Structure formats: C-alpha cells, structure tokens
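Single-structure report; data block below.
When reading the values below, keep in mind they use all heavy atoms of this one structure, side chains included, and skip hydrogens, waters and symmetry mates. The structure presented is a predicted model; accordingly, all values stated were derived computationally and were not measured.
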Amino acid sequence: RILAWIDHQFGLSNLKAAGHRVVHGGRDFVTPVRIDRPTIAELRKLVPLAPLHQPHNLAAIESLAILAPEMPQVACFDTAFHATMPDVARTFAIPRALTAKGVKRYGFHGISYAYIAHELKRTEPELAKGRVVVAHLGNGSSLCAMLNGRSVATTMGFSALDGLMMGTRVGLLDPAVIFYLMRDEGMSAAEVETMLYQKSGLLGVSGISSDMRILRQAASSHAEAREALNMLSYRIIREIGSMIAALGGIDGLVFTAGIGENDVELRADVVNGLGFAGFSLDATANLGKTRRISGSTGPGVFVFPTNEEVMIARETAAIVQ
C-alpha cells in the first residue's frame, strides 16, 4: 500500500533506484549489492536468523519488483560493517564443523555504525582514528567497539537477540535456560522464541512497557519499572567494560539511536558508572542538545544522531552509478 501511494503521488518511474535495509547478510554479503532473483533467494535462507526483521525487508523488495520491475534495487546489510572483526571475536567455542556452516557472531546495527563512523571522521577526525565505543540504544540495542573506524567487537552475535537487554528482547542468556524452559516448563521451541524476542527485556522485567518514556514515568511508583531501568544501565556499563577490554583502552564513547539520543538519565547513569575508566559527565551539557557531554577529564563522551536512511542512500547511489 505504501508503494502504491508513492507511485500515485510521485510516480515510481521518476525514481532512479531503491535502497533497502536488510538486517542479515550472512557469510556472503559483506558489502551492498544490487538485488536480483538469486540474491533474494539467498537472503530468504537467512530468515531464521532474523525472524523479526528479514521477512519485512524482503517483502518490500519483492513488492517493489512487481510494481517497478526495471528499477534498480540495492540491499544494504546491517551485518556488513562487522565483517572486519577478527576471527577470535567472531567465532563461538563450538565444533568447527558448525562454524564452517556459518554459526558465528555477525553483529547488527551496522548501517547505523557506518554512519556514526563517517560522522566521527568528519567532525572528530582525531577521535575517529582512535578507540571508540558506540552505543546504539533503542528498542533494539547493541554496542560496537571501533578502532580507526572499523568494527573489532560487538555485543550482538549470531542473531539480533544477543547482547544487551532490549525493549522486548532478552539479550545475553545462559543457553541452559532454554533447555530448562523446554524440558521442565513444557514450552515448545516456538513458544520460547516468542518469549525471548517479544516478551522479555524491559517489557518482561517491568511487566508494564518496553517504552523508556513510560517506564520513567512509572518508576516512582512501580518497583518493577525501576528494576528494569537499573538492569538496563547495569548491562550497558558491564558490556562497555568488555568493549574497552577488546580495544585495549578507550578514547571516546558515543550514544546514538532513540534512547541513546534522548534519555538523559540513562546517559548520566552510564557515564557515572564508567568512572572506573576515567569518564566524567558535564551534567548541563547532557541536559542540552550539545554534541559533547563529557566533563573536563577523561575520554570524550558524545551524542550523535544516527541516520541509517542517509547511509543507505549513499551506498545505493554508489552501486547504481
């Protein structure tokens, strides 16, 4: 319906190309590609790895191919930015035969991270050459450790379920919990998957909402909301510590995405919790709309609005041209 509306209002024939965010590129798609039927077939095989996102990504591609079959379409992958991670960071401690089949850490939010890396190089060129942790915090959240603008570690793994606690996703979980749920609680694989993707995280802990704004309002009177918020801050601080270890130190921290850009209390909690690493916060700057919010000592702390659409447009234009 959206594509039909665009066609009615503007005419699809007036568009030169279409760029798409595709969450999972698997082992083979590590750069943007022009889409054809074999590409769609390969991307459909990756649906089990990103069941919340991949089907919707492919639906838009296929619908546009019907409405405008001659229009070039380009797929930009959320996993591609992390292709620079070393094998030691990508490989799980499982039998090598499974690793060879592609069971490894891929990482996500790569289009956002690529945009932030570009903006750091443009506005903070010296920092961009150094050791930076970028916190993409939204309904889906992850961290990326960048060295000279390249990914060396990230919190999401084989799927977009791993890592930080999120809006409705569980994040890091002992795998034995899944065995327990299936064996002792009688849950099916589909029921466990639904719970971990859609009923956990902030929503599951609070029992109220996955929306940070609602939880902030509820925190004064609901202990469960306070606990959810405290857990989120704790997990972010803890995982930033692991990113610092992967980098061998840190020169800067960047907050981005919906929560990272807008939740001043979360930013304050995280920066103050990173005092062990030398971080300090300028509380006044944090309340404003300034880009740099760090205090007078320690690594720089920044807030950068992300723009995945711009990054997709740039990469699409480069492919088509």
Side-chain angles (χ1 to χ4, degrees), residues 81-82 84-86 89 107-138 140-156 163-165 212 229 232-308 310-311 314:
F81 185 75
H82 303 292
T84 57
M85 289 194 301
F108 297 88
H109 295 135
I111 298 171
S112 174
Y113 290 131
Y115 179 82
I116 297 300
H118 179 274
E119 287 300 289
L120 279 172
K121 186 176 181 180
R122 183 178 68 85
T123 62
E124 304 286 341
E126 289 305 311
L127 177 62
K129 298 175 184 177
R131 302 162 299 182
V132 179
V133 173
V134 181
H136 178 107
L137 307 176
S141 297
S142 68
L143 304 174
C144 179
M146 295 185 192
L147 181 62
N148 194 22
R150 295 161 65 89
S151 175
V152 299
T154 189
T155 53
M156 281 184 171
L164 297 177
M165 173 184 178
M212 287 287 284
L229 294 171
L232 179 60
S233 298
Y234 168 78
R235 290 301 307 279
I236 293 170
I237 294 165
R238 176 174 151 171
E239 294 307 315
I240 288 176
S242 75
M243 296 292 104
I244 294 173
L247 288 167
I250 188 166
D251 302 306
L253 171 66
V254 176
F255 290 96
T256 192
I259 295 173
E261 295 168 26
N262 296 295
D263 196 309
V264 297
E265 293 179 68
L266 178 71
R267 293 200 301 258
D269 289 343
V270 169
V271 176
N272 291 331
L274 291 169
F276 71 91
F279 282 91
S280 63
L281 180 72
D282 183 327
T284 301
N286 186 43
L287 293 173
K289 295 293 183 180
T290 58
R291 185 170 68 212
R292 186 179 185 117
I293 63 170
S294 46
S296 58
T297 61
V301 183
F302 302 84
V303 180
F304 274 78
T306 192
N307 197 325
E308 294 165 299
V310 164
M311 204 67 212
R314 289 172 181 163

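- Here the straight-line distance linking atom CD1 of I111 with atom CG of N307 works out to 11.5 Å at 0.5 Å rounding.
- Of all non-hydrogen atoms in H82 and S151, the two that sit nearest each other are ND1-OG, 2.8 Å.
- Exactly one residue among V303, V301, V134 makes a side chain to side chain contact (heavy atoms under 4.5 Å, CB included) with V254. That residue is V134.
- There is no side-chain donor-acceptor pair under 3.5 Å between R292 and T290.
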side-chain contact (heavy atoms from CB on, under 4.5 Å) assessment of D263 paired with R267: CA-CA 7 Å; D263 196 309; R267 293 200 301 258; 5.9 Å; no
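- Here the closest non-hydrogen pair linking F81 and C144 is CE2-SG, 4.0 Å.
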Audit row: I116, V132, side-chain contact (heavy atoms from CB on, under 4.5 Å) steps and yes/no: CA-CA 11 Å; I116 297 300; V132 179; over 6 Å; no
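- Residues M146 and Y113 approach most closely at CE-O, 3.4 Å, considering heavy atoms.
- The aromatic rings of H136 and H109 lie parallel to each other, their planes meeting at an angle below 30°, with 60° marking the opposite boundary.
- You'll find the side chain of H118 reaches within 4.5 Å of the side chain of R314, heavy atoms only.
- Within the 4.5 Å cutoff, no side-chain heavy atoms of L232 are placed close to those of L137.
- Across every non-hydrogen atom of P305 and Y115, the tightest pair is O-CE2, 3.4 Å.
- Note that CD1 of I250 is 11.5 Å distant from CG of L147, once rounded to the nearest 0.5 Å.
- Interatomic distance, F255 CZ to I293 CD1, rounded to the nearest 0.5 Å: 5.5 Å.
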Would you sort out whether F279 and V270 count as a side-chain contact (heavy atoms from CB on, under 4.5 Å), showing the intermediate values? CA-CA 10 Å; F279 282 91; V270 169; over 6 Å; no
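- Side-chain contact check for T306 versus E261: some heavy-atom pair is nearer than 4.5 Å.
- Nearest heavy atoms, D269 versus I237: O-CD1, 3.7 Å.
- Between I244 atom CD1 and F276 atom CZ the span is 5.0 Å, to the nearest 0.5 Å.
- Within a 6.0 Å radius of CZ in R150, other residues, nucleotides and ligands contribute 12 heavy atoms or fewer.
- Distance check, rounded to the nearest 0.5 Å: CG of L287 to CG of D282 gives 9.0 Å.
- A donor-acceptor pair is defined here as one N or O able to donate and one able to accept, closer than 3.5 Å; no such pair exists between the side chain of R131 and the backbone of A246.
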Verdict with supporting geometry, V152 and M85, side-chain contact (heavy atoms from CB on, under 4.5 Å): CA-CA 4 Å; V152 299; M85 289 194 301; 5.5 Å; no
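- Side-chain atoms of T155 never come within 3.5 Å of backbone atoms of S142 as a donor-acceptor pair (strictly under, hydrogens ignored).
- Here the CE atom belonging to M165 is positioned 13.5 Å from the CZ atom belonging to R238, to the nearest 0.5 angstrom.
- In this structure E124 satisfies the salt bridge (charged side-chain N to carboxylate O under 4.0 Å, His left out) test together with R291, sequence neighbours excluded.
- Heavy atoms only, all atoms of each residue included: G300 and S294 are closest at CA-OG, 3.6 Å.
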